[in-house]
Number of protein chains: 2
Amino acid sequence: MNIADQTFPAVDSANEDRAQAIRDQLRDAIVDRRLAPGTKLSEGEVGTLFDVSRTVARAALQMLSFEGLVRTERNRGAFVANPSPEEARQVFASRRLIEPGIAIAAAGRMTPDHVAAFKAQLDEEGRFIAERGPNARRSEIKASGDFHLLLASVAGNAILQRFMEELVARSSLVIALYGRSGVSSCGHSEHMNILEALENGNSERASALMLHHIDHIEADLDLRVRSGPALRQALEF
Amino acid sequence: MNIADQTFPAVDSANEDRAQAIRDQLRDAIVDRRLAPGTKLSEGEVGTLFDVSRTVARAALQMLSFEGLVRTERNRGAFVANPSPEEARQVFASRRLIEPGIAIAAAGRMTPDHVAAFKAQLDEEGRFIAERGPNARRSEIKASGDFHLLLASVAGNAILQRFMEELVARSSLVIALYGRSGVSSCGHSEHMNILEALENGNSERASALMLHHIDHIEADLDLRVRSGPALRQALEF
DNA sequence: TCGGAAAAGATTGCATACGATTTTTGCTAG
DNA sequence: CTAGCAAAAATCGTATGCAATCTTTTCCGA
């Protein structure tokens with residue numbers, strides 16, 4: 001897949017930082033799997049696509065590199081990250097550590113508005129599952145991640161929220177690379193159970209359900225190294 | 001305090017990214033409190049000090065801004081971060097969530113080499129506590145943070161390790177702003193207790209001790225807003 | 001035909017230049 | 001002497017240019 005095959009909506013929020021807007025667009029594209037792992041993101045190309053100079057494009061790529069979504073090699077350029085199985089395990093180990101705690105924090109802060117937001121989120125999730133086709137599948141993965149991000153925002157800790165954004169984005173990459181298939185519908189019902197526990201203020205149950213949920217997501221991955229890892233890395237795929 | 005009052009050793013690791021080297025130097029200076037919260041870090045000044053162009057200096061400042069050590073305002077510049085009490089609470093809430101888990105992971109991976117490294121680390125910590133003067137106090141805070149970073153490295157999760165680096169650095173800022181005084185010697189003995197539990201492979205105890213340790217550090221802070229928060233912010237101090 | 005070296009091309013790293021925005025300075029009127 | 005405004009200085013945001021490095025192509029000899 002080539003980045004030039006993609007189209008990006010114009011960057012509208014003019015007053016804000018342009019680099020940040022470009023980063024957001026690219027991140028969405030990566031998380032949505034419109035940009036496959038390993039895709040080269042050259043500064044010039046990104047700059048041309050978004051109609052900015054290489055300076056700005058470079059800044060956007062640097063941000064993505066900090067988030068672990070892009071890997072940069074000196075004098076070679078930036079590529080959509082290609083997480084190794086080990087990295088994948090670490091992503092999920094981090095989530096197992098953090099998300100149950102986030103669920104507990106969120107359980108203590110749920111308002112009716114929050115509940116409504118979750119319900120809307122889960123509705124959308126359900127719609128995408130009902131649909132078929134690769135496009136719906138992408139949206140489904142995205143929506144599934146958004147549930148976790150919504151939870152993090154309710155928890156009210158900006159630092160953890162930012163970290164979760166990174167972990168969810170990287171999880172999406174990992175699932176793209178190592179996912180088998182039929183996890184998502186199962187994940188949907190788990191999300192609903194978690195919301196139920198949150199509504200009831202049952203933080204312990206929400207936390208436990210979250211832990212199992214993460215385990216289930218990871219269990220759906222096939223983290224065995226496929227060919228020789230050296231070969232795989234040499235071929236950059 | 002003015003950044004120009006500081007001196008920075010020359011950037012030696014030539015082949016590596018210069019921006020990264022500058023970031024490391026600046027981070028050390030911030031964590032060591034040689035650069036006080038609120039200090040302006042202008043691109044030009046940083047560039048001149050390290051003998052690079054503004055382009056490189058800007059990249060270094062952008063990195064620090066991602067780590068939360070520097071706050072940048074559009075068209076105004078970069079300043080050493082001035083975390084609010086709320087931010088401070090979030091930093092420690094994050095640490096309470098993560099570090100006990102890191103202690104458990106580390107307990108299962110301790111080798112004799114690790115134990116030796118910890119002993120050396122604690123020795124150094126003890127030396128700085130024995131010394132007096134503001135310089136020793138700085139080193140003491142730094143060494144105390146290094147204990148937590150060493151633990152994170154033993155835990156073997158690169159993602160969590162990077163996150164801990166951020167949290168420890170931000171904690172140092174918070175302590176600079178809101179710390180009372182006599183925590184560190186107490187912290188030293190707690191570190192030794194944690195190491196003992198780690199050596200014995202008693203992960204539960206290490207985890208519990210870590211949690212209490214973080215509570216103690218936070219309890220030593222005075223997070224009441226001093227004057228009107230708006231005024232304080234307006235004065236940028 | 002194949003292997004390898006050299007040249008051409010592409011891309012990054014970095015410095016510098018210029019317009020835009022903010023901050024400071026200095027002057028004038030009250 | 002102070003308030004307010006205008007000009008000057010400083011600083012940032014961004015584009016662009018050049019050298020260094022990497023990649024690809026070309027060409028030549030075996």
Side-chain angles (χ1 to χ4, degrees), chain A residues 1-5 8 10-26 35 38-66 69-81 233-237, chain B residues 2-5 8 10-26 35 38-66 70-81 233-237:
Chain A
M1 193 193 307
N2 191 312
I3 184 181
D5 300 338
F8 296 100
V11 175
D12 42 280
S13 57
N15 204 357
E16 210 176 329
D17 237 349
R18 291 195 281 173
Q20 212 159 308
I22 292 171
R23 175 201 61 179
D24 292 344
Q25 305 250 151
L26 285 177
L35 289 172
T39 307
K40 167 143 199 191
L41 302 171
S42 87
E43 296 174 356
E45 213 168 355
V46 172
T48 304
L49 274 170
F50 288 99
D51 201 49
V52 295
S53 76
R54 273 184 47 229
T55 307
V56 177
R58 189 184 175 82
L61 291 172
Q62 195 192 359
M63 295 192 234
L64 289 169
S65 145
F66 283 129
L69 291 184
V70 152
R71 162 181 47 92
T72 62
E73 295 176 26
R74 184 176 177 89
N75 279 322
R76 278 190 27 85
F79 305 82
V80 178
Q233 202 162 354
L235 295 172
E236 200 157 59
F237 208 79
Chain B
N2 192 311
I3 185 182
D5 300 339
F8 296 100
V11 175
D12 43 285
S13 58
N15 205 357
E16 209 176 329
D17 238 349
R18 290 194 281 171
Q20 214 159 308
I22 292 171
R23 176 201 60 179
D24 292 343
Q25 305 248 155
L26 285 177
L35 288 172
T39 306
K40 166 143 201 192
L41 302 171
S42 88
E43 295 174 356
E45 212 168 356
V46 172
T48 304
L49 274 170
F50 288 99
D51 203 48
V52 294
S53 76
R54 270 200 321 124
T55 307
V56 177
R58 187 185 176 82
L61 290 171
Q62 194 193 1
M63 295 191 234
L64 289 169
S65 144
F66 282 130
V70 152
R71 160 182 48 91
T72 62
E73 296 176 24
R74 186 177 174 88
N75 277 321
R76 279 192 23 89
F79 305 83
V80 178
Q233 202 162 354
L235 295 172
E236 200 156 60
F237 208 78

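Given the structure is predicted, the values throughout are model-derived calculations rather than measurements. Below, chains carry the letters A, B, ... as their sequence lines are ordered, and counting in each starts from 1.
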Of all the heavy-atom pairs spanning A/K40 and A/R76, show the shortest one and how long it is. NZ-O, 2.9 Å

I'd like to know if the side chain of B/T48 and the backbone of B/G44 have a donor-acceptor N/O pair within less than 3.5 Å. yes

B/S42 OG to B/F79 CZ distance, which is reported to the nearest 0.5 Å: 9.5 Å

Taking atom CG of A/L69 and atom CG of A/L41, what is their separation to the nearest 0.5 Å? 10.5 Å

Between atom [atom1] in [X] and atom [atom2] in [N], what is the gap in whole Å?
| X | N | atom1 | atom2 | result |
| --- | --- | --- | --- | --- |
| B/F50 | C/dC14 | CZ | C1' | 17 Å |
| B/I22 | C/dA15 | CD1 | P | 9 Å |
| A/Q62 | C/dC14 | CD | P | 11 Å |
| A/F79 | C/dT11 | CZ | P | 11 Å |
| B/E73 | C/dT21 | CD | P | 17 Å |
| A/D17 | C/dA20 | CG | C1' | 14 Å |

Counting side-chain heavy atoms from C-beta on, which of C/dG13, C/dT22, D/dT14 comes nearest to A/E43? C/dG13

Both A/N75 and A/R54 contact DNA chain D. Which one's nearest nucleotide lies toward the 5' end? A/R54

Respond yes when some side-chain nitrogen or oxygen of [X] is under 4.0 Å from OP1 or OP2 of [N], and no when none is.
| X | N | result |
| --- | --- | --- |
| B/R18 | C/dC14 | yes |
| B/R58 | D/dC12 | no |
| A/R74 | D/dT21 | no |

By nearest nucleotide on DNA chain C, pick out whichever of A/T55 and A/A78 is the more 5' one. A/A78

